[in-house]
Amino acid sequence: MEHTERYELIFQMSGAEDDVVAVRLTDRTGAGGSPVYEDETGIVRAEISDRGEVRTLASGGHQVPGTPLLARPLAEGVPGRP
């Protein structure tokens, strides 16, 4: 099965603009059987199903990952997109 290469995870921040993090497909699979994505630092990790369901994953001890409002697929080669 072919998976989307990149997503934007949109987190709602109280009293501020939404926080948007770009994540890329890794070679790992999460506990739910869906692919794991991570940002360039490896700190933000999420398992994203083919239906767009997102489960954030802790990447270190004592981390309490937030839940994104949305996982938006990024099309490769689209002008204006990272």
Side-chain angles (χ1 to χ4, degrees):
M1 173 181 242
E2 193 166 323
H3 300 285
T4 302
E5 284 292 318
R6 298 179 341 137
Y7 280 91
E8 285 181 331
L9 300 179
I10 295 96
F11 296 87
Q12 187 173 23
M13 307 299 289
S14 65
E17 287 186 40
D18 292 345
D19 191 17
V20 179
V21 178
V23 292
R24 182 173 294 281
L25 182 64
T26 68
D27 60 354
R28 294 184 297 276
T29 302
S34 296
V36 172
Y37 293 77
E38 69 182 19
D39 73 339
E40 62 186 32
T41 67
I43 295 171
V44 177
R45 291 185 186 157
E47 179 180 1
I48 304 175
S49 76
D50 58 353
R51 294 181 304 245
E53 300 162 324
V54 182
R55 183 166 52 109
T56 52
L57 307 171
S59 60
H62 305 290
Q63 185 183 28
V64 181
T67 302
L69 291 174
L70 177 68
R72 180 173 42 215
L74 289 173
E76 297 296 321
V78 175
R81 293 286 188 174

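No hydrogens, no waters, no symmetry mates; every other heavy atom, side chains included, goes into these values.
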Can you name the one residue among T29, T26, V23, L25 that meets side chain to side chain contact (heavy atoms under 4.5 Å, CB included) with V36? T26
Which atoms form the tightest heavy-atom contact between R72 and I10, and what is the distance? NH2-CD1, 3.6 Å
Closer than 3.5 angstrom, by distance alone: can the side chain of D39 be matched with the main-chain N or O of V44 as a donor-acceptor pair? yes
Could you tell me which non-hydrogen atom of G52 sits nearest to which non-hydrogen atom of A71, and how far apart they are? O-CB, 4.4 Å
Is it true that a side-chain atom of E47 and a backbone atom of R55 form a donor plus acceptor pair closer than 3.5 Å? no
Give every residue pair that meets the ring pair (Phe, Tyr, Trp, His ring centres under 6.0 Å) criterion with at least one member in residues 3-36, sequence neighbours excluded. Y7-Y37
Side-chain touch S34/D50, heavy atoms, less than 4.5 angstrom: no
Run through L70, L69, I48 and flag the one making a side chain to side chain contact (heavy atoms under 4.5 Å, CB included) with L9. I48
Who are the salt bridge (Lys or Arg N to Asp or Glu O under 4.0 Å) partners of E38, not counting sequence neighbours? R28, R45
